[in-house]
Amino acid sequence: MNLIFLGAPGAGKGTHAEILSREIHIPQISTGNMIREALKSGTEMGLKAKAYIEAGNLVPDEVVIGIIRERLNRDDCKNGFILDGFPRTIPQAEALDKMIRIDRVIDIEVPESLILRRLSGRRVCGSCGASYNIHTRKPKVEGVCDTCGGTLVQRKDDQPETVKARLKVYHEQTEPLTGYYKKQGKLRTVHGSDDTAATHRDILNAVEA
Ligand code: AP5
């Protein structure tokens with residue numbers, strides 16, 4: 001099953017892609033995580049992406065399309081994958097359609113007030129990248145990663161001003177993708193305001209529908 005998770009920043013794409021990936025044994029492919037890894041390792045692509053990501057803007061299409069083309073060619077994608085954060089523009093979606101067949105697109109809808117609360121509460125491990133939330137997914141010891149003991153930090157792009165910029169970019173450039181995939185008959189919308197277990201059940205139903 002070749003899946004796309006769509007949704008605004010903080011809608012829960014990463015959280016739910018990770019849960020589903022473990023359950024149905026297909027990889028979660030997050031362009032955001034791949035770009036952050038490249039940034040951390042100081043690769044040429046990471047350095048190019050730095051200014052875009054920190055301002056809440058999209059990294060240029062040709063860069064992310066190249067990353068995805070390379071990633072989808074790997075063996076672990078043969079039985080399917082979950083794209084988390086790609087595509088984000090119409091040109092990215094058109095490039096993807098030329099690369100591979102997509103079966104379902106799950107659009108996770110969450111009201112903006114909840115998005116702001118979720119993103120202001122998100123903390124990530126500076127070492128392994130595990131994600132927590134001071135409201136809903138607290139670590140056992142405050143500020144410390146349960147998995148590796150690393151220090152929990154706030155993502156730079158989760159600062160309120162950058163979140164505003166990301167939401168604007170989402171409405172202008174990414175939201176039109178719902179119309180694109182609706183026309184193809186692949187779009188399923190899930191309300192993502194419930195707790196993680198309930199939202200996961202709705203996503204499973206939408207994937208199987
Ligand atoms: P990326 O990392 O993809 O960020 P995003 O799309 O803005 O998404 P987020 O990671 O903020 O949110 P999410 O929907 O995954 O929510 P999460 O599950 O973490 O991209 C970052 C940047 O990289 C972009 O701004 C851009 O610069 C660049 N980039 C990436 N892809 C690109 C592309 N294709 N083209 C161009 N540029 C690209 O959840 C958020 C919080 O809510 C968490 O704390 C979580 O615990 C909590 N939560 C989630 N669901 C629930 C629930 N059901 N109940 C309770 N809490 C929940």
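Here, residue 1 is the first one in the sequence, and each next residue gets the next number. For ligands, and for the atoms within them, numbers begin at 1 and follow the listed sequence.
Taking only non-hydrogen atoms, the option from Thr162, Val63, Val59 nearest to atom 37 (N) of ligand 1 is Val59. With atom 2 (O) of ligand 1 as the reference point, the heavy atom nearest to it among Arg36, Arg123, Arg166 is part of Arg36. For atom 10 (O) of ligand 1, the nearest non-hydrogen atom from the set Arg122, Arg118, His191, His16 comes from Arg122. Between Thr31, Leu83, Asn57, Asp202, it is Asn57 that holds the heavy atom closest to atom 26 (C) of ligand 1.
Of the protein's non-hydrogen atoms, the one nearest atom 35 (N) of ligand 1 is Gln92 NE2, 3.0 Å. Ranking protein heavy atoms by distance to atom 3 (O) of ligand 1, first place goes to Arg88 NH1, 3.2 Å. Gly10 N, 2.9 Å is the protein heavy atom nearest to atom 12 (O) of ligand 1. Among protein heavy atoms, atom 49 (C) of ligand 1 sits closest to Thr15 OG1, 3.5 Å. Among all protein heavy atoms, the one lying closest to atom 34 (N) of ligand 1 is Gly85 O, 2.8 Å. Ranking protein heavy atoms by distance to atom 29 (N) of ligand 1, first place goes to Ile35 CD1, 3.7 Å. The protein non-hydrogen atom at the shortest distance from atom 16 (O) of ligand 1 is Gly12 N, 3.2 Å. Protein heavy atom in closest approach to atom 23 (O) of ligand 1: Ile53 CD1, 3.4 Å.
Not a single heavy atom of His200 sits closer than 4.0 Å to an atom of ligand 1. In this structure, Phe5 does not count as a contact residue of ligand 1, since none of its heavy atoms falls inside 4.0 Å of the ligand. Contact between Asp194 and ligand 1 is present, with at least one heavy atom of the residue lying under 4.0 Å from the ligand. The shortest separation from a heavy atom of Arg155 to ligand 1 is under 4.0 Å, placing the residue in contact. Ala8 counts as a contact of ligand 1, since one of its heavy atoms falls under 4.0 Å from the ligand.
A salt bridge links Asp158 with Arg166; the closest basic N to acidic carboxylate O contact falls under 4.0 Å. With salt bridges taken as basic N to acidic carboxylate O contacts below 4.0 Å, none links Lys138 and Glu142. Between Glu172 and Lys168, at least one side-chain nitrogen of the basic residue sits less than 4.0 Å from a carboxylate oxygen of the acidic one, meeting the salt-bridge criterion. Checked for salt-bridge contact, Arg155 and Asp157 meet the test: a charged N lies under 4.0 Å from a carboxylate O.
Ligand 1 has no N or O atom lying under 3.5 Å from any N or O atom of Pro9, backbone or side chain. For a threshold of 3.5 Å applied to N or O pairs, the pair formed by Asp158 and ligand 1 contains no separation below that value. Between Leu58 and ligand 1, a contact under 3.5 Å exists for no N or O pair.
For Val64, every heavy-atom contact with ligand 1 shorter than 4.0 Å involves the side chain, none the backbone.
When each of Ile4, Ile106, Asp107 is tested with Leu187 by the rule side-chain contact (heavy atoms from CB on, under 4.5 Å), just one qualifies, namely Asp107.
For the residue pair Gln28/Asn33, the side-chain donor-acceptor check at 3.5 Å is not satisfied. A donor and an acceptor atom, one from each side chain of Glu112 and His171, are located under 3.5 Å apart.
The cluster map of Ile, Leu, Val, Met, Phe, Trp and Tyr, joined by side-chain heavy atoms under 4.5 Å apart, puts Leu39 and Val63 in the same cluster.
Against a heavy-atom cut-off of under 4.0 Å, Gly32 is close to the following atoms of ligand 1: 1 (P), 2 (O), 3 (O), 20 (O), 30 (C), 31 (N). For ligand 1, the atoms closer than 4.0 angstrom to any heavy atom of Gly14 are 13 (P), 15 (O), 18 (O). Atoms of ligand 1 found under 4.0 Å from any heavy atom of Thr199, numbered from 1 in the order shown, are 53 (N). Interface atoms of ligand 1 facing Tyr132, defined by a heavy-atom separation under 4.0 Å, are 44 (O). The ligand atoms of ligand 1 that sit less than 4.0 angstrom from a heavy atom of Thr136 are 56 (N). The contact set between ligand 1 and Asp195, taken as ligand atoms under 4.0 Å from a residue heavy atom, comprises 53 (N), 54 (N).
Shown here for Ile26 and Ser21, the closest heavy-atom pair between the two residues is O-OG, 2.8 Å. The minimum heavy-atom distance linking Asp84 with Ala17 is given by the pair CB-CB, 4.1 Å.
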Could you walk me through whether Asn133 and Arg123 pass side chain to side chain contact (heavy atoms under 4.5 Å, CB included), step by step? CA-CA 6 Å; Asn133 198 291; Arg123 300 291 181 271; over 6 Å; no
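Using a 4.5 Å heavy-atom threshold, the side chains of Pro139 and Val144 count as separate. Inter-residue side-chain proximity for Tyr52 and Leu58 is flagged as unmet; no heavy-atom pair is nearer than 4.5 Å.
When atom types are taken as modelled, the side chain of Thr162 and the backbone of Ala55 share no donor-acceptor pair closer than 3.5 angstrom.
Few gaps surround CD on Glu23; more than 12 heavy atoms of other groups in view lie less than 6.0 Å from it. Counting non-hydrogen atoms of neighbouring residues, nucleotides and ligands closer than 6.0 angstrom, the CG atom of Asp97 exceeds 12 such neighbours.
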